[in-house]
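What follows is a single structure, written as C-alpha cells, with notes after it.
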Amino acid sequence: MAERKLRVMVAKPGLDGHDRGARVLARCFRDAGFEVIYTGCHQTPEQIAAAAIQEDVDLVGLSCLSGAHRYLFPAVKKQLVERGADDIMVIGGGIIPDQDFQYLYDNGIKAIFTPGATLDSIVEWINNNVKPRE
Amino acid sequence: MEKVKKIKAGDVRTASRLIRNLEDGVKEARSTIKHLFPLTGKAQVVGITGSPGAGKSTLVDGLVEQFRKRGKTVGVLAVDPTSPFTGGAILGDRIRMQRHAEDSGVFVRSLATRGALGGLAKAVGDAIHVMDVMGMDVILVETVGTGQQEVDIINHSHTVLVVLIPGMGDEIQAIKAGIMEIADVFVINKADREGSSKLRREIMAMLDMAPPETFASGWRPPIVRVENAFEPDSFGKSMEELTDTIAKHHEHLVAKDLLGSRIRRKAAVELHEAIRSCVLEPILNHLVAEGEIEGMIQKLMDKKTDPYTLAEEVARRFLKEGV
C-alpha cells in the first residue's frame, strides 16, 4: 500500500488581501512533503469549509491579518462541524493578541501561530499533531 | 454496499474520501471501484491541456459557469505537479474556481501528479468514475502545465481542448509533434495580446499540412479565440462559443459512431494500469520491503549480473506460468 500523504488547506478568510504569509506557508508545507491546496484570498467560511470537504484535507490553516479572527476562525470550524466534518482540524495564524488565544482554543482552533513563529516550528507541530485520517 | 449508495446519492464527503484512498493506494478503495465500475459511462469528459500559465484554470472556471447555466452538474479534476524532491505539492488551480465552491452542482477536486509523467495523476481514471457515478453530467479534467509529450489526457477524454497563448511562436514549432496532434478544439487564450493572428495562422497552416485522412471523419479542429478574462461580457461570449463547440464535437462523435473508439481507448489503458498495479507493483513492493532490491542494485554496480537476468529470475519466482 502506498504511503498516506498529508493534505493541508491554506486559506484566507474575510476581507484581507495580505497573502504573503499564506503563500510562504504554502511553499513551506510543500517542502515538508505535504499536498497543499491554496484557496486564495477573500474566502467566506462557507467556501473554505466546502472546499476542505471536496479536497478531503486533514488540516485547514487559516491566515488572518485583519483583526477579524475572533469571528472568522470559529466560523470556519462551525461550518465544518455543521457539514459533518468535525474531524478536519483547524489551526490559525496572523496578528492575534495573546488574550484571544483561549477564546479561539475554546472554539475548536487547535493551535495559533503569531509573528515570530518559525516555519520549522509550525511544520513540527503539524507532524506531531496531525495524522492523515484513516 | 453503503459507500456505493452514498456516492450514487452524490455525497461529497464519501466521494472525496474515496478519491483520497484511491490516490493513496488503499486496497479497500479498489474493491469499491469494482462496485462502481458497472455504473459508469454516463458523464461527458472534457480534457483541458496546455502550457503552464496558458489560462487553463480560468477557462475551466468559465466553462463551469456555462455548463451550470445549461443545467448541467459539473465535476472538475485539476492536476498540479508533485515535487520530485520532497513529494509535496501546491495545488493552486482551485483559486480560479472558488466562486463555485458553494454550488452543490459543482465538485472540484485537486490532484497531485505523484510521479506520473503523462500530465495527469494515476488516480484520475478512477476519480472520473467516482464523479460519474455521483451523477456529474460533465467532468472537466485539467492537466498539469504541459510541454510536448504529456498526452495521457486523450485516454480519458471524449473531447480534448488544447489551450495556446500568443507570443510563444517558437514553442509552437517545438510542440507540433506532440500535443498539437491531440486537439479536438484549439483555444487561443489571451487573444487580445499581440501575436494572436500569427498564432491562428500557424495553427491553420499546421492543420492544412496534415495528411488528408486525419480529418476523414469530417471534424477539423476549430479554433476558438478567448480574450481577457477580466472583461466579463466578451469573456462570457467566448465561453458560450467554446461550450457550443464542445457540444458540437460531442454530437459529432455520437453521429459518426466515434464515441466507442474513445471509450475503448480508455478501457484498454485502464486494463493496462490495473495489471500494472495488481501484478508489477506488489512484486516491486515485496522486493523493496524485504530489502532484496538493494542487493540486486549492488550486484549490478559490481557488474556481477545484468538487469535482464535479475528480472527474469524475479519473473520465474513470482509468476506461475512464464510469458
Side-chain angles (χ1 to χ4, degrees), chain A residues 1-13 19 22-58 76 79-88 119 123 126-127 131-134, chain B residues 11-30 57 75-78 80-83 85-104 106-115 121-123 127 131 134 277 281-282 285 289:
Chain A
M1 187 184 120
E3 186 189 354
R4 279 277 180 200
K5 191 157 291 223
L6 207 65
R7 281 171 75 88
V8 178
M9 175 167 284
V10 176
K12 283 199 68 74
D19 66 344
R23 282 186 281 161
V24 167
L25 274 171
R27 166 67 199 271
C28 151
F29 292 159
R30 183 201 89 177
D31 291 341
F34 309 154
E35 287 183 355
V36 188
I37 293 98
Y38 181 47
T39 62
C41 301
H42 310 313
Q43 302 293 304
T44 65
E46 288 83 357
Q47 283 176 318
I48 293 170
I53 289 169
Q54 289 180 16
E55 298 288 353
D56 197 50
V57 295
D58 304 297
V76 171
Q79 280 296 325
L80 284 170
V81 173
E82 275 175 18
R83 290 159 202 248
D86 50 345
D87 53 337
I88 297 179
L119 295 175
V123 169
I126 293 174
N127 278 327
K131 296 279 168 281
R133 290 170 302 125
E134 283 306 320
Chain B
D11 184 72
V12 173
R13 195 97 223 271
T14 313
S16 59
R17 179 95 285 227
L18 175 60
I19 294 173
R20 170 88 176 271
N21 286 342
L22 289 163
E23 289 186 282
D24 287 346
V26 176
K27 258 214 175 122
E28 183 236 331
R30 197 192 277 168
S57 305
V76 176
L77 292 166
D80 262 334
T82 295
S83 160
F85 301 109
T86 66
I90 291 192
L91 310 173
D93 294 325
R94 237 203 129 83
I95 299 173
R96 311 269 178 249
M97 311 168 198
Q98 263 303 83
R99 66 181 167 132
H100 305 292
E102 278 198 89
D103 179 347
S104 61
V106 180
F107 177 14
V108 179
R109 183 62 157 73
S110 316
L111 300 161
T113 54
R114 300 200 185 178
K122 215 176 108 189
M131 288 187 164
M134 286 175 81
S277 80
E281 278 173 18
N285 289 345

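Keep in mind it's a predicted model, so treat the numbers as computed, not measured. First the proteins, then the strands, lettered A, B, ... as listed; each starts at 1.
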Spatial distance of atom NE2 (H100(B)) from atom CD (Q47(A)) [nearest 0.5 Å]: 11.0 Å

Close side-chain approach of R13(B) and R83(A), heavy atoms under 4.5 Å: no

Part of F34(A) within contact of chain B (heavy atom distance under 4.5 Å): backbone

Nearest heavy atoms of D31(A) and T86(B), plus distance in Å: O-CG2, 3.3 Å

Most chain B-contacting option - heavy-atom pairs closer than 4.5 Å, from M9(A), Q43(A), R30(A), R27(A): R30(A)

Max heavy-atom pair count under 4.5 Å with chain A, selected residue of T82(B), N21(B), I19(B): N21(B)

Interchain contact, A49(A) with chain B, by part (heavy-atom threshold 4.5 Å): neither

Side-chain touch R4(A)/V26(B), heavy atoms, less than 4.5 angstrom: yes

Option that, when pairs with chain B are counted at under 4.5 Å, heavy atom only, ranks first among T44(A), I48(A), V8(A), D58(A): D58(A)

Among A32(A), G40(A), G33(A), residue most engaged with chain B (heavy-atom pairs, under 4.5 Å): G33(A)

Among the listed options L111(B), D93(B), I90(B), V12(B), the residue most often paired with chain A at heavy-atom distances under 4.5 Å: I90(B)

Note, R20(B) side chain near K5(A) side chain (heavy atom, < 4.5 Å): no

Non-hydrogen side-chain atoms of R109(B) and Q54(A) separated by less than 4.5 Å: no

From E23(B) atom CD to E35(A) atom CD, the distance as rounded to the nearest 0.5 Å: 6.0 Å

Distance (rounded to the nearest 0.5 Å) between I37(A) CD1 and L91(B) CG: 5.0 Å

Chain B interface, residue from C41(A), A51(A), P132(A) that has the most non-hydrogen pairs under 4.5 Å: A51(A)

Pair Q98(B)-H42(A), side-chain contact (heavy atoms from CB on, under 4.5 Å): steps then yes or no: CA-CA 10 Å; Q98(B) 263 303 83; H42(A) 310 313; over 6 Å; no

Toward chain A, the part of V106(B) with a non-hydrogen atom under 4.5 Å: backbone

Closest non-hydrogen atom pair, A101(B) against A50(A): O-CB, 3.4 Å

